[in-house]
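Index from 1, following the sequence. Read the numbers this way: they start at 1 and go in the same order the structure lists the ligands and their atoms. Keep in mind the model is a prediction, meaning the values are calculated, not measured.
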Amino acid sequence: MKPLLINGQWIETSHAVPNINPSDTNDVIDSYAEAGMAEAELAIAAAQNAFDDWAHSPVQQRHDVLKFIGDELMQRKDEIGRLLAREEGKILPEAIGEAERAARIFDFFAGEALRLGGQVLPSTRPGVGVELTREPVGPVGIITPWNFPIAIPAWKVAPALCYGNSVILKPAELVPGCAWVMAEIISRSGLPDGVFNLLTGPGRVAGAAMLDAPAIRALSFTGSVGTGKVVAEACLRHNRKMQLEMGGKNPLVILNDADLETATDAALNGAFFSTGQRCTASSRLIVEEGIHNRFVEMLTEKTRALRVGPALDPQTQMGPVVDQTQLDQDVGFIESARKDGANLRAGGNLKRCDTPGFFLEPTLFTDTASDMRINREEVFGPVATTIRASDYDHALALANDTEFGLTAGICTISLKHATHFKRHAQAGMVMVNLPTAGVDYHVPFGGTKASSYGPREQGSYAAEFFTTVKTAYIQS
Ligand code: NAD
C-alpha cells in the first residue's frame, strides 16, 4: 500500500484503493491508502501548525525547494509519463509531455519565489507612506480531477508553496499514482514537515473533511460542476477564499475562408487527443455553410483513421476512456444524440482490443442542433458534433450559446473576424487557427460563466488566489 503523507510521516490506513489501468483492467498498478476522517484531521492540523514558519520563510529556501522538485520531475519525466499513461490512459507522448509540464511549472514558481514584490504609494495624508504587500492566505486545500493526474496538482501546489502557504492535496481517487510520486519528491525537497500533506482516497470522505474544516483558508478545486457547487457552498459557510475550475463545452468555429488542413487538424486534436478528456476539448464544431461538406468529409476521414488502443502501445493515437463509469456516460451521450436525430458520421461503437479496457471509437456527429443534449452538457469523452452556421454572426451566436465559457476557437484567415471573435467570444481563453485545447504553463488559465469561479490559475496571475494583499500605513 502506498501511504499518506502527513506532517512528514508516511501513514498507512486500514483501507486501500486499487489503481487500475484503463487499457488493461487486469493490471492493478498499486493500491493507495484511503484517508478517513481521522487522517484528514491530522493533515489539517499539521498544515495549520506548519503554516506560520513557512509563511515567513526566506525566499531562497522556497526557491530551492521548488527547484529541487522541478528538477527531479524533469529527470524522471519518462518514468512518470509511463505511470501516468498506465493509470489515466493518455498515450505515452502526451503523458510524458504532461510530466514535463509539471516540472516546468515548479521551475517557473521557483523563479517567482525570487520575484515577490510589493508597491510603495504616496498617502493622501502628509508625512504618511503606504505599502502594499502580498501575504500567504493560510493552510490551503487542493482537490484535483483525474484527467491531468500531475499537471493540475503541480499547477496548484507549486504556487501555493511559492507564496508561503501550507497545503493539503487530495488528488482524484482514480489516479493517485502521479500525485503520490510528486509527494514523495516533495518529502525529500527540504520542505519543513507539515507544509505539504497528501490525502489519497475518495472525495466524499477526505475531501468533505477538508471542506468542513474552518482552518482551511483557501480551497482550489478542479472537477465537475456538481462537486464544484458542493465546494462553493462549503467555502461560503466558512468565509473561505475559493477557486473553482469546472466543465467546458468549447466551440471551434470554422469559417468559409479557413485553411481546410489547419481546421481539420485543430478539430481532430481538440476533439479527440487525450481521448477528449480535457476540459478544453473542442466538443462543438461550428461550421459555416460554404466549407461545411468539405470540412466534414476531411474530418471524418481523419477521425476514422485514428488508431485506438492501449496507452503504452507505440501505434496507439488515442487511448482508452478512464473507467467504466465515464465510458457508460459517453455511450449514454452517443445514444441520446442518435435519438435526437444527429447524423453519426464516424465511430459510435466500443472498440475491441487485445486487453480488457475501456476503448471507444472517436465519434463524430454532424447536422446537430444547438439545443440537443449532446450540445448542452459536457460529455468529457471522444465525442464531437458539427453545427451548421449561415455566416460569421450566426457562428458567433452559436459559439456563445452555452452555459460554459472555458475556451473558444476560430479557424479563419480573416483578421477582421479573428479580431472580432477574440473580443466577443464568451470564454476565458480564445484560440485562432489552433485547437481549443493545449495551453502554455506560464500564462493565466481559466474561464467565464459556469466554467470557472474565482481568480485565474497559472503564471504570475496565480498570486491573486494564493496571496492576500496587506495595506500598511507608515508615518515617518
Ligand atoms: P469530480 O468532481 O468527480 O472530482 C474532482 C475531485 O473532487 C476529486 O478529487 C474527487 O475525489 C473530489 N470530490 C468528489 N466529491 C467530493 C466532495 N463531496 N467533497 C470534496 N471533494 C470531492 O470530477 P472528475 O470526474 O474527477 O473530473 C472531471 C471534471 O473535471 C470534468 O467536468 C472536467 O471538465 C473538469 N475539469 C475542469 C478543468 C478546468 O480547468 N476547467 C480541468 C480538468 C478537468
Side-chain angles (χ1 to χ4, degrees), residues 17 32 34-35 37 40 87-88 90 98 101 141-156 168-176 178-179 198-213 216 219-235 237 240 242-250 274-283 321-330 333 377-381 402-407 427-429 436-439 441 444-458 462 465:
V17 183
Y32 291 79
E34 181 174 335
M37 201 51 123
E87 71 174 347
E88 198 268 350
K90 224 165 256 195
E98 187 182 329
R101 178 192 182 90
I142 293 176
I143 300 180
T144 56
W146 50 261
N147 65 329
F148 284 95
I150 196 154
I152 295 182
W155 87 45
K156 294 179 190 288
I168 302 124
L169 168 66
K170 212 301 284 167
E173 54 272 38
L174 281 178
V175 293
C178 289
L198 175 76
L199 295 175
T200 47
R204 64 179 180 278
V205 189
M210 286 162 68
L211 299 187
D212 284 342
I216 294 189
L219 200 304
S220 182
F221 167 83
T222 299
S224 60
V225 175
T227 312
K229 288 199 169 131
V230 174
V231 172
E233 279 166 17
C235 289
R237 268 201 308 281
R240 176 193 293 139
M242 62 175 137
Q243 178 178 54
L244 312 176
E245 293 295 345
M246 299 168 288
K249 196 71 205 166
N250 311 295
S274 301
T275 320
Q277 298 178 141
R278 294 187 284 186
C279 49
T280 48
S282 320
S283 54
V321 168
V322 75
D323 73 347
Q324 187 66 50
T325 308
Q326 185 64 47
L327 185 64
D328 292 344
Q329 183 175 312
D330 297 352
F333 273 106
E377 296 173 33
E378 184 181 47
V379 178
F380 219 55
T402 172
E403 64 173 303
F404 296 106
L406 193 56
T407 60
M429 294 169 283
T436 57
V439 294
Y441 65 88
F445 177 97
T448 59
K449 295 157 83 176
S451 290
S452 303
Y453 186 89
R456 291 285 183 258
E457 305 206 62
Q458 303 199 54
F465 179 71

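Checked by atom type and distance alone, the side chain of K170 pairs as donor or acceptor with a backbone atom of G201 at under 3.5 Å. Formation of a donor-acceptor pair under 3.5 Å by the K249 side chain with backbone atoms of E377 is found in this model.
Protein residues with a heavy atom under 4.0 Å from ligand 1 are I143, T144, P145, W146, N147, I152, K170, P171, A172, E173, G203, G207, A208, L211, F221, T222, G223, S224, T227, E245, M246, G247, C279, E378, F380, L406, F445.
In this structure the side chain of M429 reaches within 4.5 angstrom of the side chain of L406, judged on heavy atoms. Two residues are said to be in side-chain contact when any heavy atoms from C-beta on lie closer than 4.5 Å; R101 and V439 meet this criterion.
Partners of F380 under the ring pair (Phe, Tyr, Trp, His ring centres under 6.0 Å) rule, at least two apart in sequence or in another chain, are W146.
Both tests do not hold together for K229 against Y453: distance to the six-membered ring centre under 6.0 Å, angle to the ring axis within 45°.
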